[in-house]
J.: 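Below you will find the structure I want to go over with you.
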Amino acid sequence: MMERMWADILARFGQDVILRGTETVSCKAMVQPLLDRGAEQETASPLGLGRRDRFRYLGPAGHPLDLDTVVEWQGREYRVGSAHLVGEGICPHWRAILYPGEEAAP
């Protein structure tokens, strides 16, 4: 029952995303900026100042994510920094942290 409710939530409130990994899949997911309170939005690196934007991803259990997956949302590409399947047995879904462009690339 909860799985059906989660699917209904994504259908109603989710946004169109494209997942590019071993195959390309289009689905509905929720992507939101993570607001880090007290943390600087820009960080110094050997290449100069860089943005530290992070985004929360909540998506369907049937479309797995890994660190090689690229998520396209609102015309921009995001790299997966971490991804976990959560809620197994009750309300399974993928929870991930996304970074714009090359920030998550090793």
Side-chain angles (χ1 to χ4, degrees):
M1 177 158 161
M2 288 297 290
E3 291 177 39
R4 189 172 347 145
M5 289 176 70
W6 179 245
D8 290 345
I9 289 170
L10 286 179
R12 184 170 180 185
F13 299 108
Q15 301 162 7
D16 294 324
V17 298
I18 298 171
L19 308 177
R20 283 194 213 99
T22 54
E23 58 185 53
T24 299
V25 177
S26 189
C27 66
K28 295 273 192 178
M30 288 190 266
V31 180
Q32 306 168 321
L34 277 175
L35 303 175
D36 292 329
R37 296 186 181 157
E40 293 296 322
Q41 192 145 22
E42 293 182 337
T43 184
S45 75
L47 300 175
L49 284 179
R51 304 237 355 139
R52 292 182 46 194
D53 298 333
R54 297 183 314 152
F55 295 81
R56 175 185 298 120
Y57 170 96
L58 300 172
H63 300 297
L65 300 176
D66 60 32
L67 297 180
D68 294 327
T69 304
V70 174
V71 178
E72 184 180 323
W73 172 63
Q74 294 186 344
R76 293 189 63 195
E77 290 186 348
Y78 297 86
R79 306 283 296 172
V80 176
S82 65
H84 305 282
L85 181 62
V86 295
E88 288 186 79
I90 300 170
C91 184
H93 63 282
W94 280 92
R95 181 183 301 166
I97 301 297
L98 307 178
Y99 298 89
E102 295 298 314
E103 288 189 28

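Quick caveat, the model's predicted, so the values are computed rather than measured.
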J.: Under 4.5 Å between side-chain heavy atoms, counting indirect links through other Ile/Leu/Val/Met/Phe/Trp/Tyr residues: same cluster for Val70 and Leu19 or not?
T.: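 In one cluster with Val70: Leu19, no.
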J.: Measure the spacing between CD1 of Ile9 and CZ of Arg4 and express it to the nearest 0.5 Å.
T.: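 So the gap between those two atoms works out to 13.0 Å.
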J.: Testing the basics here: between Val80 and Ala96, what is the closest heavy-atom pair and its distance to 0.1 Å?
T.: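 Answer, listing the atom of Val80 first, then Ala96: CG1-CB, 4.4 Å.
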J.: Give me the ring orientation class for Trp6 and His93: parallel if the planes are under 30° apart, tilted from 30 to 60°, perpendicular past 60°.
T.: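 Rings of Trp6 and His93: tilted, 30 to 60°.
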J.: Let me confirm one number: the OH-CD1 distance from Tyr57 to Ile97, rounded to the nearest 0.5 Å.
T.: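 Result: 12.5 Å between the selected atoms.
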J.: Side-chain contact, heavy-atom cut-off 4.5 Å: Leu98 with Arg54?
T.: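 Contact flag for Leu98/Arg54 side chains = no.
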J.: Just how far is it from atom CG of Leu65 to atom CZ of Arg95, taken to the nearest 0.5 Å?
T.: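 It comes to 13.0 Å.
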J.: Does Leu85 offer a backbone N or O that forms a donor-acceptor pair with the side chain of Trp94 under 3.5 Å?
T.: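 No: the side chain of Trp94 does not pair with the backbone of Leu85.
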J.: Taking all heavy atoms of Cys27 and all of His63, pick out the closest pair and write down the distance.
T.: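 Taking Cys27 first and His63 second, the nearest heavy atoms are CB-CD2, 3.7 Å.
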J.: Are any non-hydrogen side-chain atoms of Val17 and Tyr78 less than 4.5 angstrom apart?
T.: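 No, side chains not in contact.
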J.: Are Arg76 and Pro100 close enough that some pair of their side-chain heavy atoms sits under 4.5 Å apart?
T.: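 Touching, per the 4.5 Å side-chain cut-off.
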J.: Indicate the atoms forming the closest heavy-atom contact of Gly59 with Ala29, along with that distance.
T.: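 So the two residues come closest at CA-CB, 3.9 Å.
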J.: Side-chain contact test, heavy atoms from C-beta onward, threshold under 4.5 Å: evaluate it for Trp73 versus Gln15 and give yes or no.
T.: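 Yes, side chains in contact.
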J.: Verify the neighbour count for atom CZ of Arg20: are there more than 12 heavy atoms of other residues, nucleotides or ligands below 6.0 Å?
T.: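 Result for CZ/Arg20: enclosed.
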J.: Could you tell me the separation between the CZ atom of Arg56 and the CD atom of Gln32, rounded to the nearest 0.5 Å?
T.: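 It comes to 5.5 Å.
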J.: I'd like to check Ile18 versus Val25 (side-chain heavy atoms, cut-off strictly below 4.5 Å). Are they in contact?
T.: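 No. Closest side-chain heavy atoms not under 4.5 Å.
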J.: Let me check something: do Val71 and Val86 share a hydrophobic cluster, defined by ILVMFWY side-chain heavy atoms less than 4.5 Å apart, either directly or through other members?
T.: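 Different hydrophobic clusters.
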